[in-house]
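Hydrogens, waters and symmetry mates are skipped; everything else that's a heavy atom, side chains included, is used.
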Amino acid sequence: MAEEKEMSFLGHIGELRAHLVRSIIAIIIGALIIGFNINWIMDHIFFGPTRNDFFTFRVVNHFSRVLLGHDSIHLPKDFPVRVQKLFQQFNVMMAVSIFGGMVLAFPYIVWEIWKFISPALHEKERKNSIFVINGIWFLFILGVMCGYFLILPFAVNFGVIFKISDIIVPLYDLSDYTTLFLQVVLGMGVIFLFPMVVYLLTSIGILTPEFLKTYRRHAIVVIMVVAAIITPADVLSMMAAAMPLVILYEMSIWMSIYVSKKIEKQEKALAKSNS
């Protein structure tokens, strides 16, 4: 009996290893795709928020011309980036490739996780897990897009236009910009998973809607702190990050209410069937 349990445990370890290996291979394939197109990606995506023709700036300037009669955002034509270390460009290329590979492979990684846990679930739990899995990858990608199109451009705009003296010539460090890019984009992707965390914690009885409502003010303070951490020091970027997070928190309260009512109905139905 002990030997069967040991074999079962080793079998699960082997299966987990297979899923991890496939996930890593997916990340490597995604990183290779990014790496082979690194010149185009760096010019059009990575440094996209530093140009006036970036999508977010065009939208803002369009409404600004309609309402105010002039553009509100006008970045300098050049965004001078300096390299101080010998292998700095190579390190940035590797960081961008790996990060891009993770983003490209993320839906597949989540699917591999579901494939690993789904055999141990009941039919109803499997249906619920499909919702969770789809919600995870969707919210992560949504958070990445929010960070890239909403927060990063305004952070770059503030950093470029802020001056304390005309004598100072701006030269931006490549590693600093890379850190800002990954910090904002990846940070928002992770934070956007909060509703799924609330869903899971409510499902197992750790969180309740009443708890989330009671500590709403405390949560807003925490959200502002988190927004200040993942964004630069300017207020505009911090508010741009905080607003989606506040909306996500309110959505999480409604999701918690929905899950709680669903669990309550299931418990009443089970009590009727037993009586």
Side-chain angles (χ1 to χ4, degrees), residues 5-42 44-46 90-149 151-152 175 178-204 206 226 229-230 244-245 248 252 255:
K5 289 183 178 180
E6 183 179 357
M7 291 296 294
S8 176
F9 175 75
L10 293 176
H12 281 88
I13 293 297
E15 187 178 351
L16 176 60
R17 182 177 62 182
H19 289 294
L20 290 175
V21 169
R22 287 195 291 268
S23 298
I24 293 173
I25 291 174
I27 294 175
I28 293 174
I29 293 173
L32 289 174
I33 293 173
I34 300 296
F36 281 114
N37 298 278
I38 193 67
N39 291 334
W40 185 89
I41 289 172
M42 294 294 289
H44 295 84
I45 297 179
F46 189 73
F90 176 79
N91 293 334
V92 168
M93 183 197 72
M94 293 299 295
V96 172
S97 298
I98 293 173
F99 169 74
M102 291 174 60
V103 173
L104 291 179
F106 190 79
Y108 178 79
I109 294 172
V110 175
W111 182 68
E112 284 287 350
I113 295 173
W114 181 81
K115 282 185 64 179
F116 176 71
I117 65 174
S118 61
L121 302 176
H122 298 292
E123 185 177 355
K124 291 183 178 179
E125 293 174 337
R126 192 175 292 113
K127 291 180 180 179
N128 291 333
S129 68
I130 294 175
F131 166 76
V132 174
I133 294 300
N134 289 329
I136 288 174
W137 73 259
F138 175 77
L139 287 174
F140 177 79
I141 299 299
L142 185 63
V144 167
M145 301 297 285
C146 178
Y148 180 72
F149 286 104
I151 300 170
L152 185 62
S175 294
T178 303
T179 301
L180 173 66
F181 185 97
L182 298 180
Q183 179 179 325
V184 171
V185 176
L186 184 59
M188 290 301 293
V190 173
I191 292 173
F192 263 57
L193 299 178
F194 180 72
M196 287 296 101
V197 175
V198 170
Y199 177 86
L200 293 173
L201 293 180
T202 305
S203 298
I204 60 180
I206 296 179
V226 171
I229 292 174
I230 65 173
L245 300 184
L248 280 177
S252 299
M255 181 175 291

For this session: Work out which heavy atom in S97 is nearest to a heavy atom in G35; give both atom names and the distance.
Result: OG-CA, 3.7 Å

Problem set entry | Closest non-hydrogen atom pair between L182 and A95, with its separation | CD1-CB, 4.3 Å

Exercise. Taking atom CZ of R17 and atom CZ of F116, what is their separation to the nearest 0.5 Å?
Worked result: 12.5 Å

For this session: Check the angle between the aromatic planes of W40 and H44 and answer parallel, tilted or perpendicular using the 30° and 60° thresholds.
Result: parallel

Exercise. Counting only heavy atoms not in M102, do more than 12 fall under 6.0 Å of its CE?
Worked result: no

Exercise. Which heavy-atom pair separates P195 from L248 by the least distance, and what is that distance?
Worked result: CG-CD2, 3.7 Å

Problem set entry | Inter-residue atom distance F181.CZ - L186.CG, 0.5 Å rounding | 10.5 Å

Problem set entry | Where V92 and M42 come nearest, the two heavy atoms and their spacing | CG1-CE, 4.1 Å

Problem set entry | Flag side-chain contact, heavy atom, 4.5 Å: F192 against V144 | no

Exercise. Which distance, rounded to the nearest 0.5 Å, do you find between the CD1 of I141 and the CD1 of I136?
Worked result: 12.5 Å

For this session: For residues M188 and G143, report the shortest heavy-atom separation together with the two atoms involved.
Result: CB-O, 3.2 Å

Exercise. Distance from I45 atom CD1 to N37 atom CG, nearest 0.5 Å?
Worked result: 9.0 Å

Exercise. Got a donor-acceptor contact below 3.5 angstrom from the Q183 side chain to the I229 backbone?
Worked result: yes

Problem set entry | Test side chain to side chain contact (heavy atoms under 4.5 Å, CB included) applied to H19 and I113, step by step | CA-CA 7 Å; H19 289 294; I113 295 173; over 6 Å; no

Exercise. With a 4.5 Å heavy-atom cut-off, do P107 and W111 have their side chains touching?
Worked result: no

Exercise. Taking all atoms of both residues into account, what is the closest heavy-atom pair of G147 and V184, and its distance?
Worked result: O-CG1, 3.6 Å

Problem set entry | side chain to side chain contact (heavy atoms under 4.5 Å, CB included) between F99 and V185, worked out | CA-CA 10 Å; F99 169 74; V185 176; 3.6 Å; yes

Exercise. Distance from I109 atom CD1 to W137 atom CH2, nearest 0.5 Å?
Worked result: 13.5 Å

Exercise. Hey, mind stepping through F194 and L245 against side chain to side chain contact (heavy atoms under 4.5 Å, CB included) and telling me if it holds?
Worked result: CA-CA 9 Å; F194 180 72; L245 300 184; over 6 Å; no

Exercise. Hey, what do you get for CG (L32) to CD1 (I27), rounding to the nearest 0.5 Å?
Worked result: 12.0 Å

